[in-house]
Amino acid sequence: MSTHNNAITNTSESPFVKLKSINFGDCRWTNGFWADKENAATQIMLPYMGDVLCGDIGHGLNNFKIAAGEKEGEHKGFYWHDGDFFKYMEACMYIYSLTKDEKLLHKLDEYIEWIGKAQEEDGYIHTHIQITEGAERFSNRKYHEMYNYGHLFIAASVHFRLTGQRNFLDIAIKQADLLCIYFMPDTTHYQRFGFNQTQIMGLVELYRTVRDKKYLKLAEKFINRRGTFKIEHHSTTEGYPIGDMVQERTPFRESEEAVGHAVLALYYYAGAADVYAETGEKALIDALDKLWENVTGKKMYVTGAVGQAHYGASTSLDMIEEGFIDAYMMPNMTAYNETCANLCNAMFSNRMMALKEESRYADIIELVLFNSGLSGISIDGKEYFYSNPLRMVNNSRNYDAHADVTESPVRQPYLECFCCPPNLVRTICKSSGWAYTLSENGVAVVLFGGNNLKTTLLDGSAIKLTQDTDYPWKGIVKITVDECKSEAFDIKVRIPKWAVGSTLKVNGEVLDFDVVPGQFAVITRKWTAGDEIILDMPMEVKLIEGHNRIEEVRNQIAVKRGPIVYAIETPDLPKNTSILDVYYKGGTELKAVHKEDFLGGVTVVETELLLREDKKEEMYQTISQPVWKSYKTQLVPYFAWSNRGQAEMTVFLPILWNN
Ligand SMILES: [Zn+2]
């Protein structure tokens with residue numbers, strides 16, 4: 001039996017996973033970027049979110065108290081608010097595991113008690129249905145029962161692994177057993193359920209926790225049924241778009257294109273990857289390969305964000321919301337890019353990396369974490385973006401017209417639709433669990449950041465590593481072996497695809513093999529304590545251009561340094577400049593400068609941009625000689641934009657080559 005049963009996703013016994021998860025807590029961030037973020041999550045993000053969700057601003061805990069019959073009131077918040085609360089709880093569990101702060105454990109016990117009291121005799125929990133007069137369980141998939149259960153099963157599994165307590169797990173098992181009773185039989189009414197399908201991941205994780213095969217079977221059923229019914233409305237689908245919007249036009253195994261709501265799609269794909277991890281069915285991995293290539297190769301922004309449109313159509317012309325549209329159709333200003341979708345992209349890639357043992361998947365994880373994931377929260381850790389566009393122009397939309405602001409020019413302290421904030425905070429809290437994985441005879445370095453790793457290889461031998469680095473601001477990563485077995489084993493070091501020209505040294509000697517960007521460099525040798533690996537990644541500022549089929553960025557460039565994508569925003573421009581009048585002149589110097597006291601400590605890119613001063617009054621006019629003004633300024637990391645008041649911002653800038 002493996003000893004790695006306490007991972008975020010427990011793949012220790014998963015027969016088709018090549019890179020196994022480390023136990024959560026085996027890697028600790030010690031200093032630098034992720035240590036700072038984890039610290040901010042512990043000190044600020046999590047307590048602040050707890051106050052919101054357990055008070056009267058958010059309604060997470062109140063809904064459970066009302067459902068338990070111990071508080072008066074109506075259900076508040078969206079149908080999926082229970083799921084938001086479970087994600088917040090999961091974040092608390094990671095921090096409890098790292099800090100052993102008893103107060104957090106007691107808080108969790110208190111929440112679990114309320115959830116237990118709210119749970120009905122037969123196992124059912126869903127506070128909206130329970131509290132709302134006339135609402136019936138499993139009557140319509142739009143109520144997101146499955147979504148809430150997915151997060152419940154995952155949080156309860158993590159809770160059991162990190163605390164050893166069964167109180168939450170028992171609640172989850174009771175609910176999962178009820179789900180099996182309703183959804184295992186092939187009864188017409190229940191066939192198209194599975195809206196926002198986190199339940200697939202959740203059921204697989206529960207299977208991994210308690211080893212009851214029926215949960216895996218049910219997870220598989222939710223995949224098998226998709227796309228096998230006529231696309232027409234049914235009593236269980238009314239009130240929400242059907243077809244591609246919910247990935248039900250094409251059976252999973254025949255899918256080649258990412259369609260519909262981006263969060264729904266990516267949770268579904270991540271769930272299918274979990275099922276494949278246990279069953280090894282070829283048709284599943286073939287479809288997963290195609291879907292991953294389609295998402296990351298044809299529908300993803302330079303920031304790792306996904307979900308190009310708030311409203312639109314699929315390529316089969318089904319109406320879609322908050323999701324994928326055509327390949328290479330990448331609007332900047334109106335990009336939706338829900339924080340959850342971006343994080344799901346990382347979750348999907350994390351699973352694919354484990355299945356395929358390939359480092360290119362980790363490039364996407366990193367891209368999301370440093371850019372379109374982290375942009376979802378303010379530097380002070382208290383305000384959130386739901387959508388993460390690549391360009392913001394003031395007064396282009398009336399963002400106040402809808403109360404549930406999912407699109408906003410500034411981050412908000414509370415979002416009525418509260419799915420993204422706890423999703424992001426739990427990701428920060430668990431990031432150390434993603435930093436390393438275990439291969440057949442060794443360990444793979446996935447994320448860079450100051451940390452200590454203390455774990456065992458898959459053969460049970462102890463290994464300790466120390467990672468020292470100022471990444472992502474500097475490109476040198478030093479990995480020291482502190483303890484290991486005497487026999488030879490592999491240390492696999494991820495060479496990011498962007499890190500062209502990287503060198504690897506062991507104990508001062510350059511390795512005599514090609515260091516290939518986008519792959520793991522596999523160093524196999526007999527290691528001894530004190531051995532030192534140095535990865536040196538060149539951190540030049542680079543100009544990035546899009547594929548020529550992306551018409552929205554033709555003749556434009558984005559600025560990137562290492563994994564960090566940059567943006568220019570109006571606080572760094574003369575007053576009253578529109579972001580749309582800013583150009584970059586090819587060849588102009590781009591200089592990285594670290595500013596410790598700016599935006600929480602970031603490296604900016606100093607440069608000189610051109611501002612077009614002649615104004616165009618009409619929508620179209622005969623071309624005229626432009627009037628330029630040169631302006632010395634700086635670009636800031638995309639994740640750190642909008643922390644200096646309301647601003648205009650753009651990632652892509654038009655480039656002038658010849659003047
Ligand atoms: Zn969300």
Side-chain angles (χ1 to χ4, degrees), residues 41 45 49 52-53 58-60 77-91 128 142-144 146-152 154-155 195-199 201-202 240 245-247 258 260-271 295 300-301 303-311 320-324 335-348 368-369 371-378 381-389 399 402-408 410-430 639:
M45 297 174 193
M49 189 172 286
V52 163
L53 283 175
H59 323 284
F78 284 57
Y79 302 137
W80 47 91
H81 207 38
D82 294 357
D84 303 340
F85 195 72
F86 298 142
K87 273 180 280 182
Y88 155 71
M89 288 175 69
E90 192 187 329
H128 172 82
K142 73 177 179 186
Y143 293 122
H144 284 69
M146 302 303 146
Y147 173 84
N148 289 351
Y149 300 151
H151 288 305
L152 169 65
I154 291 167
F195 191 92
N196 215 344
Q197 309 213 63
T198 56
Q199 86 281 6
M201 279 185 294
Y240 242 98
M245 166 69 171
V246 292
Q247 301 82 36
H261 194 291
V263 177
L264 273 60
L266 288 157
Y267 276 142
Y268 179 34
Y269 305 160
V295 171
M300 186 180 79
Y301 285 91
T303 56
V306 284
Q308 301 113 297
H310 196 155
Y311 297 101
I320 66 107
E321 294 175 5
E322 310 185 349
F324 294 111
Y336 197 66
N337 295 344
E338 176 178 346
T339 307
C340 280
N342 310 339
L343 296 170
C344 291
N345 193 22
M347 289 167 70
F348 178 31
V368 170
L369 288 181
N371 300 287
S372 53
L374 216 45
S375 57
I377 196 159
S378 56
K382 295 179 180 175
E383 296 183 333
Y384 320 102
F385 270 141
Y386 188 101
S387 71
N388 297 275
Y399 294 105
H402 295 272
D404 57 322
V405 277
T406 57
E407 285 192 65
S408 170
V410 288
R411 292 182 186 84
Q412 303 287 331
Y414 179 69
L415 304 165
E416 193 67 13
C417 181
F418 204 69
C419 52
C420 299
N423 206 0
L424 175 53
V425 172
R426 81 169 169 163
T427 305
I428 294 168
C429 294
K430 74 180 176 187
F639 76 79

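For ligands, and for the atoms within them, numbers begin at 1 and follow the listed sequence.
At a cut-off of 2.8 Å, C419 coordinates the Zn ion (ligand 1) through an N, O or S atom.
Two rings, from F195 and Y143, have their centers 6.0 Å or more apart.
C340 contributes SG and C420 contributes SG; the angle these two atoms make at the Zn ion (ligand 1) is 110°, rounded to 10°.
Here the options are N371, N337, T339, the test is side-chain hydrogen bond (donor to acceptor under 3.5 Å, both in side chains), and the partner is N388; only T339 passes.
Among heteroatoms of the N, O or S kind in E338, OE2 lies nearest the Zn ion (ligand 1).
Aromatic ring pairs are classed by plane angle as parallel below 30°, tilted from 30° to 60° and perpendicular above 60°; the pair H144 and W80 is tilted.
For K142, the NZ atom counts as densely surrounded, since its 6.0 Å shell holds more than 12 non-hydrogen atoms of other residues, nucleotides or ligands.
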